Structure formats: C-alpha cells, structure tokens
Colleague: 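Just dropping this structure here.
Just so you know, these numbers come straight off a predicted model, no measurement behind them. Letters A, B, ... mirror the listed sequences (proteins, then strands); counts begin at 1.
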Amino acid sequence: MSDSLYQDALLKLAREAPRQGRLEPNDVSVRLDNPLCGDRVRLDLRMSGPKIAELAHEVRGCVLCQAAAGIVGLHAVGLDRAGVAALAADVDRVLSGQDPVCDALRSFAPVASHRSRHDCVLLPFQALKESMKGG
Amino acid sequence: MSDSLYQDALLKLAREAPRQGRLEPNDVSVRLDNPLCGDRVRLDLRMSGPKIAELAHEVRGCVLCQAAAGIVGLHAVGLDRAGVAALAADVDRVLSGQDPVCDALRSFAPVASHRSRHDCVLLPFQALKESMKGG
Amino acid sequence: MRLRDRFPLLAADPKLHYLDSGASSQVPADVLDAVTRFETTQRANVHRGVHRLAEAATAAYEGARDEIARFFGARREEIVFTSGTTAAINLVAHSFGDALAAGDEVVISELEHHSNIVPWQMLRDRRGLKLKVLPVTEEGRIDLGALDGVVTRKTRLIALAHCSNVTGAVVDLARVVAAAKSAGAAVLVDGAQRVPHGPLDIPELGVDFYAFSGHKMYAPHGIGVLWGKRERLEALPPFMGGGDMIRSVTFERTTYAPPPTRFEAGTPNISGAIGLGASCRWMSGLDWPGIVQEEMRLTGRLLGSLAKVPGLRVLGPLGLQQRLGVVSFALGSAHPHDVAQILDRHGVACRGGHHCAEPLMERFGLAGTTRATIAPYSEDADIDALLNGLDEARRLFA
Amino acid sequence: MRLRDRFPLLAADPKLHYLDSGASSQVPADVLDAVTRFETTQRANVHRGVHRLAEAATAAYEGARDEIARFFGARREEIVFTSGTTAAINLVAHSFGDALAAGDEVVISELEHHSNIVPWQMLRDRRGLKLKVLPVTEEGRIDLGALDGVVTRKTRLIALAHCSNVTGAVVDLARVVAAAKSAGAAVLVDGAQRVPHGPLDIPELGVDFYAFSGHKMYAPHGIGVLWGKRERLEALPPFMGGGDMIRSVTFERTTYAPPPTRFEAGTPNISGAIGLGASCRWMSGLDWPGIVQEEMRLTGRLLGSLAKVPGLRVLGPLGLQQRLGVVSFALGSAHPHDVAQILDRHGVACRGGHHCAEPLMERFGLAGTTRATIAPYSEDADIDALLNGLDEARRLFA
Ligand SMILES: Cc1ncc(COP(=O)(O)O)c(C=O)c1O
Ligand SMILES: Cc1ncc(COP(=O)(O)O)c(C=O)c1O
C-alpha cells in the first residue's frame, strides 16, 4: 500500500509540475494552509471572463501536495467554475477508491487507503475552488 | 460489615443523644455542612474561660452523624482546646481501625471499613474543633 | 438472553442489584472490547500522524464520531467531544456566554443539577447578567406555566435538564423551544439522564445545544458530547486553547479550525470516544420499544410498591407519563445515607443524598433522597431486593 | 525480560518500531488490567455513594491520586485531575490568569507547544495583558540568557516546557525559578515530555504549577494532572462549575470545596485516573537508572547516525547534556510527511509535521520535521529500521 504511494509517475508529476511559481499581475490570489501538517498552497489566477486564462502555484508541502498542484497546473487553465467543481469532484472520487474520469488522477489512487494523506492531495484543489468563489 | 454498622448502642446514642437543640445565649455558634451528603451540624457553646461550660447540637444528618453528635454531647463539656483535639484524634484512631481510648467511641469501629461514611462521623467533631478556634 | 448477561460486572455478581445507573451505568462487553482493541492494536495519537497506527487510531476516533452522529440523527461536525456533560455546559457558558452582557438574562430551573447551575452563576458573576429560575411544581416538574412570566426579550439562553436526575420528570421541550423562539433565545438541553434510555433525534428537538455524558450511557468515564446546531457552533469562539483546535499559530495572531475541531483542544480522550461510539453501535442493535416498555413496567411496579410503604414519600411524578425510571423517595425522617447503607446490605446499589441538586432539595425541604434508577438491564429481582431492604430500613430508622 | 514484552501492542507485532511515544506512548498490561478491573469489578460513580461499588470506585480513584502524589513527591491535595496537559494549562490560564490585568506580563518561549501558547494568547486578548516570548538558540534551547531582559517587575507568570517536544532540550528550571522569584512571578511548567522519562520530585523544582498528560506516560488518554503548590491552589477560584466542586449551592450564593476537588467539576475520568495511578505504580517498579542510561545510549547512537546522513539536519542539541531522547530532523527538502510515510513502510512509526510548534518551525524556517522519540521500550532494532527507512526516503526524495 505505502509501496505504491510514490510511483514514478507521481514523483515526476511533483518534480516537474507545470506552472510553478507566482503570476504577476493576477486577478485572484489565494493562500491555503493545512493546519495539521503545515502544508501551504499559493495560487495566482488570471481570468478571461468566467474562465481561467493563466495560473501559477507555489507549494510548501509534501510530494502528494506538489503532484496535486501539478494536476492543477496541467488541467485548470480554460476551466470555469463548473469545470473546477467537476475536477474537484473527480479528485474526491479517486480518494474514495473509485475510478477517476481524468486519467491523470490515477496516480493518486493509492492514496485512497491513507486517510491522513487525503488533505495533502485536496489542498491545491480547495485553493482552486476558493479562488473561483468570486467569479 | 454493614451489618454491624447500626448496632443497638449506636442507634440508641443517635436517638437519645444528650444536649440536642440550641443553646441561647451562647459564646460560640458554628454551622458546618458536608457538601457531599448535605449533612449539617450546628453547635452552640457557652465557655468558662478556656473550657466548654455548656453546649447544644442540632443535626440534620444520618444516624452516624447524630450518634457522633451524641458523643460530643456526652463528652465535650469541661474540655479545653487540647481536650477537644485529643477527642478528635481518638475519633481518627477509631476510623483508621485502631482501638479508641474513649470507650464510647467503640460503636464507631465498624465505620472504619466504610470510607464514604467517615465524614458523617467526623462532622460534629470538626464543628467542635472549629468552635474552639477562637479560644 | 438476559441483557444483564452482556454486562461483565453484573454477570459476575448475580446477587448485585444495581439501581444506581443514574450516577454511572454499567458497561457492556462490546464497549470494553472496543476500548481494549484500541489500546492493544491501534493505540497512537490522532490527526497528526501518517503511520499505520496513527491512521488506525484516527479512523477509529473519527469513526466513533460518525457512529454517535448517526445514532442521534446529527451531522458529524455537530458532535463535539468533551470530557462530559459538565465540561460541555461549561464550554457553552464560556464560548456562548462570554458574548453576553449586563442586562442579558439566562433562564434555568429549580430542579437543575449543579452542573447546569454553577456554570451560569459563574457566568453571571463574570458578565453581570441576570440568572432567572423557573420554579418546580409539587409533582417535581419544571413549571412551564411560568415560562411566560420569566422569559423576556432580554432572555438569551434557556438551559434545562431534559430529564431530572432526581424526579425523573421529562420536560416538554417543544414548549420551551416555542418560548425561546418568541424571545429570540437559544436553548441548551442537559440530556445526561435522557440519553441512556433510548435513541433520540437531537436535531428534531429544535434546540441549539444538547449535552450528555458517556458514563451514564454504557460507555467509559471522561468522555461526553456537546451537540451544537452547525450554524451556532460556527459562530462561536473556542473555549480552551491548544493543539488541534488551531488553523495556524503565530505569536501575533492565531486562527482557529472549524467545528468540531475548534472546540477540541489538546489530545482528546481517544479510547473514551471509541467507547462511546461502541456504545451507540451497541444501543442501535437493541430492541428499544421492548426495553422502554419493560423499563416503564418496572418503574410502574416500583412506584406502586413505594406508594404502599408507610411514611414513604416519592419525589416526582407518580404516573408514568412524561417520566423516566429515575425514582427518588424519602423514607420518613430516615437519612438517605442510612437507607442506602441498609440497601447495600441487601445487595442493592442506590444513591442517597442531594444528587447535586441542592436547590431542589431546598424546594422540598429535604436534606436528600434515596434514588433508584431503572436501566435496560434492570429486572424484577432488583425491585424485590429494594423493597426488602426498605422494610429493614424502616424497622431500624422509622 | 524485554520491557517491550510488557506492552501488548508491541509484543503482538515484533516488526513494529514505535518511535512516536512523544505523541502518545504505548501502554503496559499492568495499566490495562487496572482499567479493566475497574470496569468489571468496581465500576460506579465516585464520592457520592455509600454502596459497595461506590466505595470501591472511590477508594480506587482516590488511591490513584495517592499513588501519583507519591510518585512525584507531592501531597495528594496538590494533584488535580484534568483531561490532559492542555486542560491543565487552560485551567491555570483561567483560574490564575483571570486575576491578571492590563500591564501585567506573561512570559513563554519560542519553542512552546501550541497548548502552552494559545491559552496565553486567549488570556492576553481577554485581559489585555502582555505576552512576552523568550527566544530560542540555534541549538534549539530556550535562551535563558534573555531572561534578564524579558522578565520585569510586571511579570506575573513564566510558563515553559520542561522538555521541548521538538528539540528534546531540557530547560534549566533553577534559573527560571530564580528569575521568577526576583520578579515575584509564578512559574508554570509544561511537563508533558518530561514525565515519561522517569521519576521526578515536583515540589523540589520550586515551581508553582506543573502540568502533564497520562497518554504520554503509559496511561490512558483523557487524563492528566495539574500539580499546584498547595498555597497557590488554595488561593485560586475554580475554573469550571458543576457537581463535586462545590461546598453548597443556592441560587444566590455558591461556596466551593477546597483543592483539589474545587478544580474537578463533574464526574471525573475515573478509569483514566486509575490507569494513571497504575502507570505510576508500574513506573515505580522499574530500574530507572538503567533505563535512563539505555535511553541515552540509544539517543546518542541515533544522533551520531543521523549526523552521517547527507543533507540531514538535526533540530536540537547534538550532545546528550540536558536533553532527552526526543529527536527531530529535516531530511534535505523532503517533506516530513513523505519521510514518515516511507518510514512506515519499514515498520517505523515516526511523527512528521510541525508538532504543534509552528512558531518554532518558523524560527528555523521549516514547514516541519520528522521526529523519533526514544522510550523505555526502545531498542537498537528500532534505530536500525529508522536508518534503513531514511536511506530509502533519501533515494526517493532527495
Ligand atoms: C510539550 C507538550 N506540551 C503540551 C502537549 C499537549 O498535551 P495534550 O495534548 O495531552 O493535552 C504536548 C503533547 O501533545 C507536548 O508535547
Ligand atoms: C441531569 C444531570 N446533569 C448533569 C450531570 C453531570 O454529568 P457529569 O458529571 O457526567 O458531567 C448529571 C450527572 O451527574 C446529571 O444527572
């Protein structure tokens, strides 16, 4: 179980997560902390109408959190609020042991059985949802 | 054990405790409560120098408390502070399972094994000590 | 199978007639097993660890919260673990109460347990508000007829016992809630004596806070619950500060976690919570209509028999309507400690004293009462033994 | 006999390397047996009953208080049962703290656990006083050299951890007490991480309050102790209100019982207290000089091995003077959760995170550390497994 947590694909996603860093200027900037582990995600968005035009993320967190931010970097541009909600729902699905719609989320399947690590994966997506609240 | 708690001598002492009631006028009047059971003792004393000249006790309490007040009614007149302390120490002795000096205290010997009832017996003697504090 | 046999302490001592469940109930093997399983296979601190044991402990602890929420028809975020009813009420007296001010009013009743009196007195003294007291009827019920006169626009909270720990009277919460609503006040219910007697949908009561203890409902000591309506809890500041209840800490500013975590500072009573969860699971599996009927039959039999004892006075309703099997009585002028002591000789465990309800004792002019509580494991033999014991007590003291 | 074998959870799982005792220790059979004995042969509420079980429960509960007092060289009236360290500190923050006023100062340190920070922040916000913070040295110790500048005539309380739950550094309490004395301030010590590592004469420390938790010293969760100097406790008002802590209650006026009862509102965690008493009894029977020597040997070996891991940084003293076997480290930029997760794969239970000491993490510029705690049941094999696990973690993340 633990063994499969850190598969190569996930480690690579974490290491090479697209869109790392800050985005200036931006329309929305959100910071979220996980009080239990000290993980921290900063998300900067530039919007085009209701849709995300560009984004950047900065993570101080574990590999799972970094990889999750990588998914955001890969998949969030172009999404509107409903699209973000769908992506977040897909993450919930994979963490509850079901098959995800988005193939890239499969790397997180082994996390399902590690409840204490769910928040690590969820944090970037929570930040993403948070950042769309204004819209 | 419980069986011997309420021996005839003790029941009689409780029922016929000498010096029941109030004493007016008095030099000292003390009221003590036992918060756990609601027992209440009122003690009125008239002093003659350092010694107790006369007293009366009013008890709202259990048979053990009444009987203990009976001992005070029987034995406290004529005592000074040291005498009261000695009587109280004798009560401690009997409650810790030792033989008392004062024979009348033997009725309380079975209480030794009932820790929850110790306070019932002690209350009148605590009131007595309390009332001698000024002297 | 006799329910009694599922309680190791009772099963081991057939001559024991335990009628003191109002103080602390006995505990079934299922609950003890759940606690032992935690200590011997899952023990770790919760929430902060990723290793296998920490995962298992967290799952068991939060699983217990789910189990309790399910049993009471509540959401898991509404279940705040405390060390008991007393701590739960003190939490509200601080987190809710400290926002009150001079002129505000808190309403309690004359029959409350000290745990639902003293925290409000302390709050009164801290904040300078007014503490008002609903009187008690001759029958030993809160006099709800007095609500109109006592509850005013200034009433901020009405805090009452669901079931009296002395008279067994159950209060009509619908009337209390209606009065509170019209005044814009919140309602806190002390459910310590209600919860052992069967399932309950707490949200349906329409109250804001509901407090109870594990040790009276077949679970360990040192654990209890404050249920709070979600919006209420979200609006409240924390009570105690420490680990787990924070979102982030710097010396300048600390932000707090959402409920229920906000109110659970420090390492919780993990085994206690697991025990309480197990007790809810165990209770869920019982035939409650059957148990309630049996409890009421025994209560009726007890009340009927007590009525025939010369010089005995029952403190509380004589009928079975709106009451539970918490039965208090005074035997002539015999002191309740002496009575309980004689009962003990007959193997009967009863409580004697003021039951932490001194104002109620004052109201009835008594120093105390003897109390017998009917529980799911009570049987006719327990009442037989009690009546035999009372016979002897009467001979000795009356 | 291996000490490890007396702990059922450890004995049942030879491949488990439990190095998370700083969060919660494991619990020996003696303690579990005492708790089970209570639940199956003595269970009742305490203090208020005269029947056989109530007598037995009260004797066991108060006997536990005696046992704990004896173990810590204290008097029984000085042992206040709480639900843990956090509750004990909050008690002092209210009962002692609420008498403080604007202008008064409370001194803590940068390495405190949130449980010894947040209650004082909340008090600061309630009473408008000033919270001052002693800095931490590079070595991870409270910088006592700063005492002179920080402690003033206005200091009312100095509240410090006896042993840091992150760096393992043990503070020189004699210096703290001297500084407090000269300012007329009281001293509270958070002993949560000190008490698991051997007997201690608390009164000899010269401090005013000492707080600790049962679950870190081989006892159940949900129980802890506030030790208070007798004169101090006698001068304090109660914290929570409820049953048991009163002398008498009327609606006008309630008078309180003497310590320790005054501070124990409501039904206590009876089984927890009995478990803590049993753990003190169990600890009394151990060869502490031998255990301390072995703990220090293992700690030395661990520190030495960690020093050789490339990119690894130990947070805390590298020597064995004035420190206990609480060892924190950062492995390059690897996140402590990832490290702990890999360790778990090797059967090693370590904690990863900020350890409820965010300001200290801030001080060292870290999001968190991985922590291994050496306990009496620790063995070389535990350290071997830890080092193996770190090897893999380094390969994966560094
Ligand atoms: C140094 C220190 N202080 C306080 C605490 C809080 O103890 P508890 O969570 O048992 O209340 C802990 C442990 O979590 C600790 O390590
Ligand atoms: C009606 C009622 N309220 C409150 C309490 C206090 O509960 P606890 O002592 O478990 O905090 C009790 C029991 O003692 C009770 O019967």
Side-chain angles (χ1 to χ4, degrees), chain C residues 8-9 20 23-24 26-27 32 39-41 43-45 48-53 83-87 90 113-115 117-119 121-122 133 213 215 220-223 240-243 246 248-251 254 265-267 269-272 337 340-341 344 349-353 356 358-359, chain D residues 8-9 20 23-24 26-27 32 39-41 43-45 48-53 83-87 90 113-115 117-119 121-122 133 213 215 220-223 240-243 246 248-251 254 265-267 269-272 337 340-341 344 349-353 356 358-359:
Chain C
L9 185 144
D20 196 21
S24 282
Q26 292 304 327
V27 64
L32 293 178
E39 296 286 14
T40 57
T41 70
R43 176 164 160 128
N45 209 328
R48 278 166 265 156
V50 305
H51 59 76
R52 187 175 59 75
L53 285 175
S83 62
T85 307
T86 302
N90 277 274
H113 188 281
H114 292 165
S115 289
I117 298 175
V118 183
Q121 291 182 317
M122 292 169 81
V133 182
S213 297
H215 69 95
H221 291 84
I223 189 76
M240 297 210 235
I246 55 98
S248 86
V249 174
T250 66
F251 288 117
T254 289
T267 302
N269 184 351
I270 307 174
S271 59
H337 274 190
Q341 192 85 59
D344 181 57
C350 273
R351 191 112 322 204
C356 292
E358 282 188 53
Chain D
L9 185 143
D20 196 20
S24 281
Q26 292 304 328
V27 63
L32 293 177
E39 296 286 14
T40 57
T41 69
R43 176 164 159 127
N45 208 326
R48 280 166 264 156
V50 305
H51 59 76
R52 187 175 57 76
L53 286 175
S83 61
T85 306
T86 303
N90 278 273
H113 187 281
H114 292 166
S115 288
I117 298 175
V118 184
Q121 292 182 316
M122 293 171 79
V133 182
S213 297
H215 68 95
H221 291 84
I223 189 76
M240 297 210 234
I246 56 99
S248 87
V249 173
T250 66
F251 289 115
T254 288
T267 302
N269 184 353
I270 306 173
S271 59
H337 274 191
Q341 191 85 58
D344 182 56
C350 272
R351 188 109 329 199
C356 292
E358 284 189 51

Colleague: Would you say D:Gln26 and C:Leu53 make side-chain contact, with heavy atoms under 4.5 Å?
Modeller: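 The answer is yes; the side chains approach within 4.5 Å.
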Colleague: Measuring from atom CD of C:Gln341 to atom SG of C:Cys350, what distance do you get when rounded to the nearest 0.5 angstrom?
Modeller: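 Separation between the atoms: 12.5 Å.
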Colleague: Identify which of D:Gly243, D:Gly353, D:Gly84 forms the greatest number of heavy-atom pairs closer than 4.5 Å to chain C.
Modeller: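 Top count of heavy-atom pairs under 4.5 Å with chain C: D:Gly243.
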Colleague: Which one of C:Ala265, C:Ser271, C:Gly352, C:Gly272 has the most heavy-atom pairs closer than 4.5 Å to chain D?
Modeller: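 The answer is C:Ala265.
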Colleague: Identify which part of C:Val133 has an atom lying under 4.5 Å from any heavy atom of chain D, answering side chain, backbone, both or neither.
Modeller: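 When you check distances to chain D, only side chain atoms of C:Val133 fall under 4.5 Å.
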Colleague: For each of D:Val118, D:Ile270, D:Asn90, D:Ile223, tally heavy-atom pairs with chain C at distances under 4.5 Å, and name the one with the top tally.
Modeller: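 Among D:Val118, D:Ile270, D:Asn90, D:Ile223, the one with the most close pairs to chain C is D:Asn90.
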Colleague: Could you state the interatomic distance from CG (C:Asp20) to NE2 (D:His51), rounded to the nearest 0.5 Å?
Modeller: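 One finds 3.5 Å between CG of C:Asp20 and NE2 of D:His51.
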Colleague: For residues C:Arg43 and D:Pro220, report the shortest heavy-atom separation together with the two atoms involved.
Modeller: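 C:Arg43 and D:Pro220 have their closest heavy atoms at NH1-CA, 3.8 Å.
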Colleague: Heavy-atom distances under 4.5 Å only: say whether C:Thr40 touches chain D with side chain, backbone, both or neither.
Modeller: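 When you check distances to chain D, atoms from both the backbone and side chain of C:Thr40 fall under 4.5 Å.
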Colleague: C:Glu39 versus chain D, heavy atoms under 4.5 Å apart: side chain, backbone, both or neither?
Modeller: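 It is both, since atoms from each part get that close.
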Colleague: Donor-acceptor check, side chain of D:Glu358 to backbone of C:Thr250, threshold 3.5 angstrom: yes or no?
Modeller: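 Flag not set: sc D:Glu358 to bb C:Thr250 has no pair under 3.5 Å.
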Colleague: With only heavy atoms counted, which part of C:Met240 is less than 4.5 Å from chain D, the side chain, the backbone, both or neither?
Modeller: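 Both the backbone and the side chain of C:Met240 come within 4.5 Å of chain D.
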Colleague: So, are D:Arg52 and C:Asp344 salt-bridged, with charged N and O less than 4.0 Å apart?
Modeller: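 No, D:Arg52 and C:Asp344 are not salt-bridged.
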Colleague: Got a donor-acceptor contact below 3.5 angstrom from the D:Ser213 side chain to the D:Thr85 backbone?
Modeller: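 Flag set: sc D:Ser213 to bb D:Thr85 pair under 3.5 Å.
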Colleague: Considering only heavy atoms, which portion of C:His113 lies under 4.5 Å from any heavy atom of chain D: side chain, backbone, both, or neither?
Modeller: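 Answer is side chain: those atoms of C:His113 sit under 4.5 Å from chain D.
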Colleague: Among D:Ala23, D:Pro8, D:Ala340, which residue forms the greatest number of heavy-atom pairs with chain C at distances under 4.5 Å?
Modeller: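 The option with the most such pairs is D:Ala23.
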